Structures are given as C-alpha cells and as structure tokens.
Asks: 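I'd like to ask some things about the structure below.
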Amino acid sequence: MVQAAPLAVLPLANVLRSLMTTSISSSPFLLAPSLAVMSVLANTTAPVLNPDKNPILRFILKKTFYAQFCAGEDAAEVRRTVESLKTIGFGGVILGYAREVVLTGAQMKDLASCGSGSAAEECVRTEIEPWAKGTMETLQLASPGDFVALKFTGAGRQALYSLSQRLPPSGALASAIDSVCQLAASRGVRLLFDAEQQALQPGIDDWSLKYMRKYNTPTHAVVYGTYQAYLKATPSTLSRHLAAAREGGFALGVKLVRGAYLGSDPRHLIHDTKADTDAAYDGVAEALLRRQWNAHLQPQTGADTTAFPNVSLVLATHNRESVLKARAIISEGKGGTEDVAFAQLQGMADEVSCELVTSDGTGEKPRVYKYLVWGSTGECMKYLLRRAQENRDAVQRTKAGRDAMRAELIRRVKSLFGFAR
Ligand SMILES: Cc1cc2nc3c(=O)[nH]c(=O)nc-3n(C[C@H](O)[C@H](O)[C@H](O)COP(=O)(O)OP(=O)(O)OC[C@H]3O[C@@H](n4cnc5c(N)ncnc54)[C@H](O)[C@@H]3O)c2cc1C
Ligand SMILES: *[C@@H]1O[C@H](CO)[C@@H](O)[C@H](O)[C@H]1NC(C)=O
Ligand SMILES: *[C@@H]1O[C@H](CO)[C@@H](O)[C@H](O)[C@H]1NC(C)=O
C-alpha cells in the first residue's frame, strides 16, 4: 500500500518551497522573527508594508509563503493551481476565501447594534453582502466535485450575535446562505461549514443541521457540518444529528476534525489529553465508516431506531495514524460509508497527502483534497499568519514534514547520479 517515494509526484519547486517553510517553522531561531514580521504585515496600515501596495514585497511573498499555502489571486491563477494539484492525483480542492471581516474591539462588544434601523442596513451592506459576494465568487471558481469552505463569523456582527444567542440567521443573512446553498447544489460543489470557537459552536451546529436538512439528498450531502473530536460533547451532538438525518431522510454531511481552538476555548470542554482526542477521532471515524455504533459513538438515548442514515464523510486530518486506520477500515469494504474523502491543508503534511494519492492500492483509490484559500497576497497574510502559528504549535509534525522533504531532495539528487532504485 505504501510506495517507496510518495513525494516523487511533487514538482521540484514545491519540494524546495516546502523544505524552506518547514525548515523555518521548525527552527525556533528563524520562526520567532518570521512570525513577528508576519504579524506586522498582517495588520499594518502602512502602504510600504502592505503587499497589495508594495510590488517588491508582494513579489517576494507571492513566490514563497503565498505559493506554499494559497491558491491564487484571480480565477486564472486559481485554475492553474487546481489543475496542477489534479495532475498530481488529487481529487480536487477545498477552496476558501481569504478576506475576513475584521471587527474593531468596540464593534465586538456591541454585537446587538446591528439589530434594526439604519445600523442594521449598514451591517448588511458592509458585512453580509461582501461575505456573500466573496462566497459566491469562490463557488464560481470551484469545479463540480470540489468543496467550498465557509465561516459564518465572516458574515460579521449580525451573524456573531445570532450565533452567540443560538438564534436563526437574520433575514438578509438567511437569504444569502440560501443563495450560496442553491448555487452550490446547482454547480455540483459541496459546502463545508467550518467549526469555530466554543462560544459560537452550538449556534453553528444548529445552522449546519438546518441547511443539511434543506439541501442534502437522501444519498449525498451538499452541506457538511464540522465536528471537533477534541470536544467531549461531540459524540452526543453527532448522535443527535444522525438521528435527525435518519428521521428527516437526508444524508448527514460530516467533516471530522480534531479542533483548532485548544489555546483559547474553555479547557474543561476539551478532552484532557491528546491521546483522548486521538482515540475520540479514530473511534468516531470508525463508527461512521462502518455505519455501526461503538464505544465512542452511541445512538441517541431514547431513539426508536438505532439504524444509521447515509453519511457523506470528509476526514480532515494531517495525522498519519488516523489516515492509516481509516484506510484499513475502508479497505475491508463491507457495506460501510461509501462517500468518503480525505483532506489536508495545502502546504502542510504533503507526505501524508502524497502517500494517499500515490497508493497503488488494490481496491478503490482514496479521494484526497487539499484545502487552500484564494485572494490577494495582502488578504492572504492573515491566513498565512495563522498557518505559521499552527506550525509552531505542531513542531513535531513540521519536523516530520521537513525531514520528508529533505529525504525526497536527497533521493532526487541521488537518482540524478543513478544511485536510487
Ligand atoms: C481540511 C481541514 C479543515 C479544517 N477545518 C477546521 C474547522 O472547520 N474547525 C476547526 O476547529 N479546525 C479545523 N481544522 C484544523 C483541525 O481541527 C486540527 O487543528 C488540525 O488539523 C490538527 O489536527 P490533526 O488531526 O491534523 O492531527 P494532530 O496534529 O495529530 O493533532 C493536533 C490536534 O490534537 C488536539 N490536541 C493537541 N493537544 C491536545 C491536548 N493536550 N488535549 C486534547 N487535545 C489535544 C488538538 O485538536 C490539536 O489541533 C481543519 C483541518 C483541515 C486539515
Ligand atoms: C496588530 O494588531 C495587534 C492586536 O491585534 C496590535 O496590538 C498591534 O499594534 C497591531 N500592529 C500594527 C502594526 O498595526
Ligand atoms: C442511502 O443511499 C442509498 C444509495 O447510496 C439509497 O439506496 C438509500 O435509500 C439511502 N438510505 C436512506 C435511509 O435514505
């Protein structure tokens, strides 16, 4: 199943770029100053430091960090990036829109101010409409079979307020979400609603279920919710959603992640150890893949049926152990979930992605997707900063990535001189 040199499928420029970024990210001496520089670039107001206004800065960033993690600045560039990924063997991409609505501290404190009157109109015009437009453009850039990822918090204060109060989306936002879902369904693109911080997540779960019910068919998902395995409450949320899907006769779209807010969310809601999170992730994945309840995923208490609805599953993880476990279950192929995809972020864990892509496998090839954002170099800086911080928190994995890239480079040099097999 595992090929000798999975990274052989990557173009040389990618290997060199990955080696550079992973080397910086795994070196404390290089990372600290790089992060400092990036955080300045990410929120500067000075034109010389704004990559969208300073062409030299833009050129340097674009060829390095931008190319490592992002899709392109316009439709033509995005298409080229996506094509090259598909040539390597990826099933397609998960496309996100880089621009974020950034609220000031005062705006954050006064979320309810968008409630009515002229203030509400202002919120619709400056927050909801740009979000909807960006999301619709992203949908147009995606090809049938691709995914588009979206964050509800990107829609601004009204969205934040409704989510924090577990209210349904406001009228303007609801109609924007409907347009997005309708366009996705008609184009054959699937939508991933991101999971976010805990204070908003119950609201996001409600909205995810609402739109899954509305747009998912009995056999396939158009809309996927994101389920964070590190939350102790996730199995019960998932059981509740599975029961709702079963009763409502629609397929549940599940994007399973470990969870990205360890540093900021209330610690007691999250599994006590990494090992517990890992066990929860693998256990829930196994139940969904086999369509069988297990110790990690129990049917909702009082459910009159314990049967499983159809599930469309995206296993979003860079963890090689989790990927291998899931693939072992899939290869048994006994009446389990069929609509399964794997996903990793662009620029990260290429050794995991490429191992999936190049599996000479008996049986079906896993469908593998890379997640990337598109937008101007300036717009992508905030996204890049978050990636850099994440790499810092995952030094072990970043080192594994660096070592894999280094080994691949050595392998190529050797094979140039006829040493490699
Ligand atoms: C395509 C894609 C989409 C994503 N979308 C989202 C999203 O919508 N929402 C979101 O929140 N995240 C999202 N993530 C990020 C994800 O939640 C993880 O943070 C990231 O993928 C790292 O986890 P891992 O499974 O790759 O593996 P690993 O690197 O093996 O695991 C790291 C993770 O383990 C958990 N962990 C680490 N230490 C501890 C500890 N002491 N106790 C308990 N748990 C611990 C944390 O969740 C940490 O992120 C996405 C990731 C990908 C690849
Ligand atoms: C960037 O944002 C942080 C807070 O988010 C702020 O403290 C800092 O002054 C900002 N830097 C610049 C250059 O604007
Ligand atoms: C699940 O999907 C299959 C086709 O893949 C379909 O025949 C079946 O009816 C669906 N199950 C439910 C409960 O809708």
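Below, each value reflects all heavy atoms present in this structure, side chains not excepted, and no hydrogens, waters or symmetry copies. Just follow the structure's listing: the first ligand is 1, and inside any ligand the first atom is 1. A quick note: this is a predicted structure, and the numbers were derived from the prediction, not measured.
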Asks: What I want to know is whether Tyr261 and ligand 1 share at least one N or O pair that is separated by under 3.5 angstrom.
Replies: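 No, there is no polar N/O contact under 3.5 Å.
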Asks: Looking only at distances, can you tell me whether any N or O atom of Gly259, backbone or side chain, sits closer than 3.5 Å to an N or O atom of ligand 1?
Replies: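 Checking ligand 1 against Gly259, an N or O pair does fall under 3.5 Å apart.
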Asks: Below 4.0 angstrom, N of the basic side chain to O of the carboxylate: do Glu122 and Arg125 qualify?
Replies: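 So Glu122 pairs with Arg125 through a salt bridge.
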Asks: Is the closest heavy-atom distance from Glu321 to ligand 1 below 4.0 Å?
Replies: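 It does not; every heavy atom stays at 4.0 Å or beyond.
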Asks: Considering all heavy atoms of both residues, which atom of Leu409 and which atom of Leu19 are nearest to each other, and what is their separation?
Replies: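 Result for this residue pair: CD2-CD2, 3.7 Å.
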Asks: Find all atoms of ligand 1 within a distance of less than 4.0 Å from any non-hydrogen atom belonging to Arg267, and give their numbers and elements.
Replies: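 Near Arg267, meaning under 4.0 Å from one of its heavy atoms, ligand 1 has 40 (C), 41 (N), 42 (N), 43 (C).
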Asks: Could you list which atoms of ligand 1 come closer than 4.0 Å to a heavy atom of Lys255?
Replies: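 Selected atoms, number and element: 3 (C), 4 (C), 5 (N), 6 (C), 7 (C), 8 (O).
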Asks: Can you tell me which residue and heavy atom of the protein come closest to atom 11 (N) of ligand 3, and the distance to 0.1 Å?
Replies: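 For atom 11 (N) of ligand 3, the nearest protein heavy atom is Asn310 ND2, 2.9 Å.
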Asks: Going by atom types alone, do His241 and Tyr227 pair a side-chain donor with an acceptor below 3.5 Å?
Replies: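 Yes.
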Asks: Just jot down the ligand 1 atoms closer than 4.0 angstrom to any heavy atom of Asn319, in number order.
Replies: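 Those atoms are 26 (O), 27 (O), 30 (O).
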Asks: Cut-off 3.5 Å, side chains only: do Ser239 and Gln298 have a donor facing an acceptor?
Replies: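 Looking only at side-chain atoms, Gln298 and Ser239 do not form any donor-acceptor pair under 3.5 Å.
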Asks: When rounded to the nearest 0.5 angstrom, what distance separates CG in Leu289 from CG in Leu315?
Replies: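 Output value for this atom pair is 5.5 Å.
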Asks: Using a strict 4.0 Å threshold on nitrogen-to-oxygen distance, state whether Lys133 and Glu129 make a salt bridge.
Replies: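 So Lys133 does not pair with Glu129 through a salt bridge.
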Asks: Between Lys210 and Asp205, does any NZ, NE, NH1 or NH2 come within less than 4.0 Å of an OD or OE carboxylate oxygen?
Replies: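 So Asp205 does not pair with Lys210 through a salt bridge.
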Asks: Taking the minimum heavy-atom distance to atom 39 (C) of ligand 1, which of Leu345, Ile204, Leu262 ranks first?
Replies: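 Nearest heavy atom to atom 39 (C) of ligand 1 lies in Leu262.
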Asks: Have a look at Asp194, Val257, Val314 and point out the one with the heavy atom closest to atom 14 (N) of ligand 1.
Replies: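 Closest candidate by heavy-atom distance is Val257.
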Asks: What atoms of ligand 1 come closer than 4.0 angstrom to any heavy atom of His271?
Replies: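 In order of numbering, the contacting atoms are 42 (N), 43 (C).
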Asks: So which protein heavy atom does atom 4 (C) of ligand 3 come closest to, and at what separation?
Replies: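 For this ligand atom, the closest protein heavy atom is Thr219 CG2, 3.5 Å.
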Asks: Should you measure from each heavy atom of Thr226, which atoms of ligand 1 turn up under 4.0 Å away?
Replies: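 In order of number, 7 (C), 8 (O).
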Asks: Report the part of Asp278 in contact with ligand 1, treating N, CA, C, O as backbone and CB onward as side chain, heavy atoms under 4.0 Å; options are side chain, backbone, both, neither.
Replies: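 Looking at Asp278 and ligand 1, no heavy atom falls under 4.0 Å.
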Asks: Pick from Trp131, Tyr383, Trp374: which one makes a ring-ring contact (aromatic ring centres under 6.0 Å, His included) with Tyr97?
Replies: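 Of the listed options, the one satisfying the test is Trp374.
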Asks: Can you tell me which residue and heavy atom of the protein come closest to atom 13 (C) of ligand 3, and the distance to 0.1 Å?
Replies: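 Of every protein heavy atom, Arg246 NH1, 4.3 Å lies nearest to atom 13 (C) of ligand 3.
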Asks: Test your reading of the structure: does Ala343 have an N or O sitting under 3.5 Å from an N or O of ligand 1?
Replies: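 Such a contact does not occur with ligand 1.
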Asks: Take atom 7 (O) of ligand 3 and look for protein heavy atoms under 4.0 Å from it; say yes if you find one, no if not.
Replies: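 It does not; no protein heavy atom is within 4.0 Å.
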Asks: Return the option from Gln198, His318, Arg258 holding the heavy atom at the smallest distance from atom 33 (C) of ligand 1.
Replies: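 Among Gln198, His318, Arg258, the closest heavy atom to atom 33 (C) of ligand 1 belongs to Arg258.
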Asks: Strictly by modelled atom types, are Arg213 and Tyr211 linked by a side-chain donor-acceptor pair under 3.5 Å?
Replies: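 The answer is no; no qualifying pair exists.
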Asks: Given the rule in the side chain to side chain donor-acceptor pair (under 3.5 Å) test, do Glu73 and Ser376 qualify, once you have shown the distances and angles that lead to the verdict?
Replies: CA-CA 5 Å; Glu73 297 197 294; Ser376 76; 4.8 Å; no
Asks: Only pairs at least two apart or in different chains count here, so list each salt bridge (Lys or Arg N to Asp or Glu O under 4.0 Å) that has a residue in residues 172-188.
Replies: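 Counting only pairs at least two positions apart or across chains, the salt bridge (Lys or Arg N to Asp or Glu O under 4.0 Å) contacts touching residues 172-188 are Asp178-Lys214.
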